[in-house]
S.K.: 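Quick one: the structure is below, questions incoming.
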There are 2 protein chains.
Amino acid sequence: MLIRVDPSDPLPLHEQLARGIRASIIDGRLAGGERLPAARDLAASVGVNMHTVLHAYRRLRDEGLIELHRGRGAVVLVRLGGHGALAGAIHDLVDEAKARDIGEPALLALISEAYRWAPGAPPTGVRRPPTTR
Amino acid sequence: MLIRVDPSDPLPLHEQLARGIRASIIDGRLAGGERLPAARDLAASVGVNMHTVLHAYRRLRDEGLIELHRGRGAVVLVRLGGHGALAGAIHDLVDEAKARDIGEPALLALISEAYRWAPGAPPTGVRRPPTTR
DNA sequence: CGAGTTGTGCGCATAAAGATAGAACAATAC
DNA sequence: GTATTGTTCTATCTTTATGCGCACAACTCG
């Protein structure tokens, strides 16, 4: 868990934290079942407030990447065939977008648009398994 | 150009405008080369400030969807084989994500992450053709 | 050219978000 | 039981975002 944050970065601290952890989870540096450091600890080691870390944790929970429990801490979810299966498709799409010189904000906007049109599961908001709260 | 905005919507007005126009461009209701209404006009017809409309226009320009020039107005870019070709891939990805019960914020986060890793064109920021400024 | 059009820049007021702090609390693990 | 750890609540402060009004500069077109 080597994470650094840059207060001068326009990106919010909690988002920087979330990114770092998210990246570690996706590429496997953090295995499923593994436990993240306690919010207080990570906060102290990184030099931010505990609430800021918890903000990031909560975000990752809402994204379905980790589990969060009182007294138990934050644990990386296993998600068999979950994000892993999507990774390929995402990678291809990003390559395609870059080849066409489409910037990140544009791509995100297009996808966000597509998400709103397409029929399917969550019409709005985020899905939180009842066991998580 | 039938666009409505809802001030009670938590989404910023300029974002609501950008979405409406973006959607029209992507699905072809607004053809390449077509000109958008002058910011003042659209602002008046929708009931917001001119700057709010221009904010949306500027965003769409940064996304590479339109061109913006003083005295000339906002014109939809043609982008042959541009976004159109991506549409399929995006649609598939969104379907896949919804099937796996992955919410929009989570999907966007994953893609944003992938964008940062992958090698390719714009490392950061946005691409603006010199002719546009 | 000259008048009309249209986006741009500057400044300002208010709202929202970000970050921190402290305290008390409720599950959980040992 | 005790220590741990996320949760909830209140509060304060700073920064950023949002939206607006006015004057300006570049462009178009007759």
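Within every chain, numbering begins at 1; the chains are lettered A, B, ... in the order of the sequence lines, protein sequences first and strands thereafter. Below, all heavy atoms of this structure are taken into account, side chains as well, without hydrogens, waters or symmetry copies.
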S.K.: Hey, is the side chain of B:T52 poking within less than 4.0 Å of OP1 or OP2 on D:dC20, counting only N and O atoms?
M.R.: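 Indeed, a polar side-chain atom of B:T52 lies that close.
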S.K.: Do the side chain of A:R40 and the base of D:dG6 come within less than 3.5 angstrom through a donor-acceptor pair of N or O atoms?
M.R.: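 Per atom types, the contact qualifies.
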S.K.: Rounded to whole Å, how long is the line connecting atom CD of B:E15 with atom P of C:dA16?
M.R.: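 That distance rounds to 17 Å.
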S.K.: Any chance you could measure A:I3, atom CD1, to A:S24, atom OG, to the nearest 0.5 Å?
M.R.: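 One gets 6.0 Å once the value is rounded to the nearest 0.5 Å.
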S.K.: Provide, to the nearest angstrom, the distance between the CG atom belonging to A:L36 and the P atom belonging to D:dT4.
M.R.: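 Whole-Å distance recorded here is 19 Å.
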S.K.: Side chain of B:Y57 only, heavy atoms from C-beta on: which candidate in D:dT18, C:dT20, C:dG7 is closest?
M.R.: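 Minimum distance to the B:Y57 side chain belongs to C:dG7.
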S.K.: Quick one: label B:L54 by what it contacts on the DNA or RNA (base, sugar-phosphate, nothing), any heavy atom closer than 4.0 Å.
M.R.: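 The answer is base, as B:L54 lies within the cut-off (heavy atoms under 4.0 Å) of a base atom.
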S.K.: For the pair made of CZ in B:R59 and P in C:dT8, what is the distance, rounded to whole Å?
M.R.: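 My rounded result for the distance is 16 Å.
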S.K.: Is A:I21 close to A:L30 at the side-chain level, that is, under 4.5 Å between some pair of heavy atoms?
M.R.: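 A side-chain contact under 4.5 Å exists here.
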S.K.: Do A:R72 and D:dG6 have a side chain to base donor-acceptor pair shorter than 3.5 Å?
M.R.: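 Between D:dG6 and A:R72, which were checked side chain against base, a qualifying N/O pair under 3.5 Å is absent.
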S.K.: Side chains of A:L42 and A:L36: closer than 4.5 Å at any heavy-atom pair?
M.R.: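 A side-chain contact under 4.5 Å is absent here.
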S.K.: B:D41 has an atom CG; how far is it from atom P of C:dG7, in whole Å?
M.R.: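 Rounded to the whole Å, the gap is 9 Å.
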S.K.: Any carboxylate oxygen within less than 4.0 angstrom of a Lys/Arg side-chain nitrogen, looking at B:E67 and B:R72?
M.R.: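 Salt bridge absent between B:E67 and B:R72.
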S.K.: Taking only side-chain nitrogens and oxygens of A:R35, does any of them come within less than 4.0 Å of OP1 or OP2 of D:dT5?
M.R.: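 Yes.
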S.K.: Can a side chain N or O of A:N49 be found less than 4.0 Å away from OP1 or OP2 on C:dA19?
M.R.: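 Answer no for this pair, as no side-chain N or O of A:N49 is under 4.0 Å from OP1 or OP2.
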S.K.: Provide, to the nearest angstrom, the distance between the CZ atom belonging to A:R58 and the C1' atom belonging to C:dG18.
M.R.: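 The distance from CZ of A:R58 to C1' of C:dG18 comes to 13 Å, rounded to the nearest Å.
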S.K.: Closest to the A:M50 side chain: D:dC22, C:dA19, C:dA23?
M.R.: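 In terms of side-chain proximity for A:M50, the closest of D:dC22, C:dA19, C:dA23 is C:dA23.
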S.K.: Does A:R22 come within less than 4.0 Å of A:E63, counting only side-chain N to carboxylate O?
M.R.: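 Salt bridge present between A:R22 and A:E63.
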S.K.: Which residue, A:A38 or A:P10, contacts DNA chain D at a nucleotide closer to its 5' end, judged by nearest heavy atom?
M.R.: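 Result: A:A38.
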S.K.: To the nearest angstrom, how far is B:L68 atom CG from C:dG9 atom P?
M.R.: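 Between P of C:dG9 and CG of B:L68: 11 Å.
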S.K.: Distance criterion of 3.5 Å, no angle test: do you see the side chain of B:H51 paired donor-to-acceptor with the base of D:dG21?
M.R.: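 Present.
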S.K.: Looking at CZ of B:R116 and CD1 of B:I111, how far apart are the two atoms once the value is rounded to the nearest 0.5 Å?
M.R.: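 So the CZ of B:R116 and the CD1 of B:I111 are separated by 12.0 Å.
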S.K.: Over how many whole Å does the gap from A:I66 atom CD1 to D:dG6 atom C1' extend?
M.R.: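 A:I66 atom CD1 is separated from D:dG6 atom C1' by 11 Å.
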S.K.: When you measure from the side-chain N and O atoms of A:R70 to the phosphate of D:dA3, is any distance below 4.0 Å, counting only OP1 and OP2?
M.R.: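 Checking D:dA3 against A:R70, no side-chain N or O comes under 4.0 Å of OP1 or OP2.
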S.K.: Between B:G73 and A:H14, who's closer to the 5' end of DNA chain C by nearest nucleotide?
M.R.: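 Looking at DNA chain C, the more 5' nearest nucleotide goes with B:G73.
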S.K.: So, does A:H55 get its side chain near the phosphate of C:dA19, meaning an N or O under 4.0 Å from OP1 or OP2?
M.R.: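 False: A:H55 side-chain N/O out of range (4.0 Å or more) of C:dA19 OP1/OP2.
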S.K.: In whole angstrom, what separates B:L13's CG from D:dG19's C1'?
M.R.: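 That distance rounds to 8 Å.
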